[in-house]
Amino acid sequence: MTHGTARIKRIPIKPNTTPEERRAITVLRNRDDTLITRSDKGGEMVVMKNSDMHRLCAEHLGDSTTYVRLGKDPTPSLCITVNNTLTRILELRKFPRIIVKRLQTPPAARTQLFYALPKTHKRVLKIRPIVSASGGIFDRIGWLLQYIFSSLLQNVKAHISSTSELLHRFASVDPATLQGKMPISFDVVSLYTNIDVKEATETILDYTNTFDINTFNLTATDLKELLELIVSNNVFHCPGLGFYQQIRGLAMGSRLSGTLALVVMDRFEKIHVYRDIRPPLPIYVRYVDDSGTAVKDDAEANSILNRLNSKHPTIKFELETPDSDGFLPILDVKLKIRADGKIAYKLYTKAANKGITLHAHSHHPDAVKTAVINNEFRRAEVNSTPEYREVSCSAIHHKLLSNSYTDQTIARARSKQLRPSRNNNMIPNQLVLKLPFISNKINGQIRGALKKSGINARLVNPRPPTISHLCKKINPKPSCTMRHRPA
């Protein structure tokens, strides 16, 4: 195997970038006034001036109703407060010492980092603010509370977690009750920012007392103290602008914000949707801030919208109605209610989506590209009723062609989907050999050498750097490792 590997190294590899592209990458990498990032929803790489991003972030953080600027980094003192509070509570509840230690914030915990993604799909350039909380002071304690509170979501009646669940819920409704109806959706305006922290804390603690969930011996008082510590101390650093604290709305970047928002919305809906709307709606589902239902006409839709917008000081909705063909875009599908009350749907791609997927010329194994092609078509087929399946698959075919896949490549990949797959994931005591991808030919030689040598190992190629990675001064280095896969 050693001899085979040495021979492989002498095989010349043709780059998949042109000399002009490589020179452009070098120029971008050496510029200090340029920011290279990705867009908010389109998925494309964005090159913009650092000064423009600095200005947009300053404008966003200048909202004094949501943020306050701090004179210094409060992370060190907060770290001490978090650990003292957590240790006191967990030791009082007889948590094992090793668990207490693992849940404590390490002294080297970093300050939460504020960054933003440009919204290129907007006519006027705006940003989506994000706070990276990974490795921060509340990362571990947030994990514990999220683990406890997430079990409450099974009691949130309208909550759905995927497109397939949306379609299942609509298909489960008696068609007779949907006859003569049209689908509509209500979108909550700036959900996280407009959720009151005190209301969210009280609601989730009330739900914890109401429903039987495992709190690992933590009392309501314990949970309240830990929760308030997190939601009232959302501090972060914005490079070039300083340290800030969010004083309104749920903490950006927190593990808990999604669950807190869903529970607050559930309480709102129990009163103002399920109890007050008469006659009751035939269906009502919600994915985070986007809810779907069915009504008789525009007048009923607007009546419900006005009623909901009058019930809460900060929770407000926007209405979306079907297009001229009766289709309503919601999640990954366009959905309509037919005359017989049954639903029809087809794949939906937002206008902001630039149709970017793994490029045919990208430096990945052929097996990965085959999987991408088949997964794209599988998504189109699952998210379409039979009469619209061809339309959805045609859209995927066009998307793949725009990413330089040929008709022959697409057809060959789809034919492989019909063959039984060889699944190596379940082989016990298998080693995982992690090597950078060089070429399909070399991958085949390595697998052949492993098999010939009788080594029970699976070759895995880590994801190579993208163009945006290559344009940055610090690039990820490929690694070679072998680890044991447990039985």
Side-chain angles (χ1 to χ4, degrees), residues 153-189 191 262 265-311 315-351 378-393 395:
L153 296 184
Q154 62 186 332
N155 302 297
V156 176
K157 185 176 180 181
H159 174 61
I160 56 173
S161 58
S162 64
T163 302
S164 60
E165 192 172 353
L166 166 77
L167 298 176
H168 174 73
R169 295 275 285 270
F170 263 93
S172 300
V173 179
D174 182 2
T177 65
L178 291 178
Q179 279 185 308
K181 307 281 186 180
M182 67 177 191
I184 61 169
S185 66
F186 295 110
D187 185 25
V188 185
V189 179
L191 175 60
L262 292 175
M265 288 303 302
D266 182 61
R267 168 169 281 185
F268 176 90
E269 289 158 351
K270 281 181 176 176
I271 300 172
H272 304 299
V273 175
Y274 297 116
R275 190 192 70 183
D276 290 353
I277 296 180
R278 290 291 179 267
L281 297 171
I283 182 173
Y284 184 87
V285 293
R286 178 173 40 78
Y287 180 84
V288 189
D289 60 350
D290 196 9
S291 56
T293 184
V295 296
K296 182 175 58 176
D297 51 30
D298 287 341
E300 184 181 359
N302 283 296
S303 173
I304 294 173
L305 175 67
N306 294 333
R307 187 183 310 169
L308 294 179
N309 282 341
S310 67
K311 299 300 182 180
I315 297 177
K316 304 298 177 185
F317 298 83
E318 292 177 341
L319 171 66
E320 185 164 5
T321 55
D323 59 21
S324 57
D325 295 324
F327 281 98
L328 175 77
I330 182 168
L331 300 186
D332 286 343
V333 296
K334 274 190 166 185
L335 182 145
K336 72 180 293 185
I337 299 174
R338 295 187 293 215
D340 60 0
K342 295 182 179 180
I343 61 169
Y345 48 91
K346 57 185 176 181
L347 185 68
Y348 169 64
T349 303
K350 291 184 177 180
R378 189 177 299 114
R379 185 169 69 92
E381 291 166 355
V382 168
N383 291 337
S384 305
T385 42
E387 68 270 32
Y388 294 107
R389 201 158 289 160
E390 185 177 346
V391 174
S392 298
C393 287

Within a reach of under 6.0 Å around [atom1] of [X], are more than 12 heavy atoms found that belong to other residues, nucleotides or ligands?
X    : atom1 : value
K311 : NZ    : yes
Y287 : OH    : no
K157 : NZ    : no
K316 : NZ    : yes

Validation: residues 322-339 side-chain donor-acceptor distances under 3.5 Å, sequence neighbours left out:
residue : atom : partner : partner atom : Å
D323    : OD1  : D325    : N            : 3.0
D323    : OD1  : G326    : N            : 3.1
D323    : OD1  : F327    : N            : 2.9
D323    : OD2  : K334    : NZ           : 3.4
K336    : NZ   : D325    : O            : 3.3
R338    : NH1  : E387    : OE2          : 2.6

Taking all non-hydrogen atoms of both residues, which atom of [X] and which atom of [Y] are closest, and how far apart?
X    : Y    : answer
H159 : E165 : O-OE2, 3.7 Å
D174 : T177 : O-OG1, 2.7 Å
D340 : P175 : O-CB, 3.6 Å

Between the side chain of [X] and the main-chain N/O of [Y], is any donor-acceptor distance below 3.5 Å?
X    : Y    : answer
T385 : Y345 : yes
S392 : K346 : no
T293 : I283 : yes
N309 : F317 : yes
N306 : N302 : yes

Show me the donor-acceptor pairs within less than 3.5 Å that the side chains of residues 273-280 make with the rest of the protein, sequence neighbours left out.
residue : atom : partner : partner atom : Å
R278    : NH1  : Y274    : O            : 3.2
R278    : NH1  : R275    : O            : 3.4
R278    : NH2  : R275    : O            : 3.4

Side-chain heavy-atom pair [X], [Y] within 4.5 angstrom cut-off:
X    : Y    : answer
N383 : L167 : yes
I160 : R286 : no
M265 : L191 : yes
I184 : L305 : no

